[in-house]
Structures are given as C-alpha cells and as structure tokens.
Amino acid sequence: MKNITSLSQLLSLCIATAALCACKGLPTYQPQPNQPLATIKLSPTIATDTLGMCDSAVCYVLKPIHGELQVPVDHRLVLYKVLVASGYRVMYSCTPALSFVPYAGTTYYVDFALRAEHCFLNLYRENPGSRVGIAFDPTVRGIPAKR
Amino acid sequence: MQKQTGLLALMIALGGCATGYHDTRSPIAGWTGGYWDQPGPGQLVKVGFDGNGYIDRETTNAYLMYHCAELAQQRNKPYFRMYASLNDAIRDQPVKELAIGRVGGKLDDWMFVLFDDQEVSGDLSATAVKQQYESYVHGKQTHS
C-alpha cells in the first residue's frame, strides 16, 4: 500500500472512504454533552442540505438544524459536499472539499456554488463588522478535486 | 384526461421555448428557469439567472443585469456593484461584466451584489443598466 505522506493525501483518502461508505450510509455526527463546538451557518443555497465531515479519518454526515451545523473544535476537520444532479441531457456530480480548524465560539459561513461546470465549497468566518458580513478564515485549505 | 393532455401540451410548448424574464418561482413559466435572489451574507444579495438549453449567452447576461438593477431600485438604491464570488466581495474587487457559463448544458450565472446610496468606485447605475437592457425584457429584441 502506498504511504500517505501529506495532509492532502490523507484528506483525499478521507473523501474516498466517505464516498465508498455512502453506499451503506455514514453515521450522523452526534456531539458529546458539554463538548465545545463551533457553529457553521449554511448559505441559503444549501440551508437544508447535509454535508460530510471527516474527523481523524472517521467520516460523518452533518445534518443542519435551522440552517446551521455544529462541529468539534481545536483540530483540523475535512468538510465536503456531494452533489449529483441532472441537467439538460446530462448527469453531473462533484464533491468539493476543504479542511479547516474550527474554534469554539466562532461562527463560520459556508457557501456552495456551481459555475461553468465547476463546483465550489467555501468557508469563511463571520464578520458582522463588515458590509459583506464575512472574512477569510486563515486555517482553510482547499483540497484539489479528483480528476 | 383532457386536463392531463393540456398540461402535457403546455409542458412541451414551454420546453421548446427559451427562458423568459420571470421569477423561477413563477408557477408555470418558472419551469423553464428564471431569475432568483437570496439574502446574505451581511448586506450582500446573491442574484442569479437559470436559463434552459434554448436561451443564448447575451440574453442571459441581459436578464441578470436587469434584475440586479431592478432589485436596486426596489430598495431605493441608485447604485449597485457586483462581485463574481465571495472572495472578491471580501477583497472588494467588483466586476462590471459577467462570465456566463454552462452548468449541466444550461446557461446560468449568479453573483453577489451590494447596493449603494452614493456612487463609489466599481458601482453601476441602476437606471443606466435598466435602460441598457430594457429592450431584452420589454421591447422587441433587435439584438443579433
């Protein structure tokens, strides 16, 4: 078996594992009582959608409550979304993913978008002091899409 | 049976038409697509237009620009600026033109919009944009 030498390889493995496990269904993430959590607000586009989360090579389904998700804090997580949709005489799918380190008490904002045959998953920190309401989160790392 | 046949005929007729200028939530015409908008984050509004396989790029662009201008005027804001992404919005790097692309064989696009009371660099005039694209929405289309 090939050695896993980088974070991106580990993350790719997580995504692949999650995709394979999707056949039988991943467990839904259930935080422990009194566990510190961070909140992720979902953009209106995906406010009722489930996202995938991989935490230390274990993957879960995150189900939103009132357009928000709760995630564990203080270590790197992988967040991804699986999209399978039909278009004009075509079927298309994508699994955009990113990793970040959430911190307790911080609120994040996630947006998903499709444009010109590409899909994007972006995560930001909420920043109520600015007109755009968000700011870059310095811990976010993109995960290249599989080709 | 007649009702079902009528509905089928309507769907076939709509299916052969390019998407018009209407809301995607429009009960019948919305089946072919249309414009939409969503609030947030912050003061941004995400504005989009979903076209079908028959609409052309120029008309999709016109409808999307026109709807942004309409939203500005509905809010009594004379100016607006468009961002191609949230990253561009955070960096305050507005765009003046769109890059309409295909998704699943259909033409559509979206952008994030901020509305302004006073004109600042990167703003578009809602009145000027509406005038520019008026003929696509209400007039005879003389565009090639």
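Residue numbers start from 1 in every chain, and the chains themselves are labelled A, B, ... in the order their sequence lines are given, proteins ahead of strands.
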State, yes or no, whether a side-chain contact exists between A:Cys54 and A:Tyr60 at a heavy-atom distance under 4.5 Å. no

Grab the two heavy atoms, one from B:Asp108 and one from B:Phe49, that are nearest each other, plus how far apart they are. CB-O, 2.9 Å

Report the residue from A:Thr48, A:Leu69, A:Thr50 that forms a side-chain contact (heavy atoms from CB on, under 4.5 Å) with A:Lys63. A:Thr50

Bottom line for B:Phe112: the part with an atom under 4.5 Å from chain A's heavy atoms is side chain

Can you name the residues of residues 64-72 of chain B that have some heavy atom under 4.5 Å away from a heavy atom in chain A? none

Could you please state which residues from residues 84-91 of chain B sit under 4.5 angstrom from chain A, measuring non-hydrogen atom to non-hydrogen atom, sorted by number, or 'none'? B:Ala84, B:Leu86, B:Asn87, B:Ala89, B:Ile90, B:Arg91

On the six-membered ring of A:Phe112, is A:Lys81 placed so that its NZ or CZ lies under 6.0 angstrom from the centre and within 45° of the ring axis? yes

Quick test of your reading of the model: are B:Asp109 and A:Arg115 salt-bridged, counting only N-O distances below 4.0 Å? yes

Structural part of B:Trp110 lying under 4.5 Å from a heavy atom of chain A: both

Within a radius of less than 6.0 Å around NE2 of A:His66, do more than 12 heavy atoms belonging to other residues, nucleotides or ligands occur? no

Flag, side chain of B:His138 to backbone of B:Tyr136, donor-acceptor distance under 3.5 Å: no

Which residues pass the ring pair (Phe, Tyr, Trp, His ring centres under 6.0 Å) test with B:Tyr79, sequence neighbours left out? none

B:Lys130 NZ: over 12 foreign heavy atoms closer than 6.0 Å: yes

Considering all heavy atoms of both residues, which atom of B:Gly122 and which atom of B:Pro94 are nearest to each other, and what is their separation? CA-CG, 3.8 Å

Check ion pair A:Asp55-A:Arg76 (N to O, under 4.0 angstrom): no

So if I take each residue of residues 127-137 of chain A and look for any heavy atom under 4.5 Å from a heavy atom in chain B, which residues do I end up with? A:Arg131, A:Val132, A:Gly133, A:Ile134, A:Ala135, A:Phe136

A quick test of your reading: do over 12 heavy atoms of other residues, nucleotides or ligands sit less than 6.0 Å from CD of B:Gln74? yes

Measure from the ring center of B:Tyr21 to the ring center of B:Tyr63 and say whether it is less than 6.0 Å. yes

Checking side-chain polar atoms at under 3.5 Å, does A:Thr39 have a donor or acceptor matched by the opposite partner on A:Gln70? yes

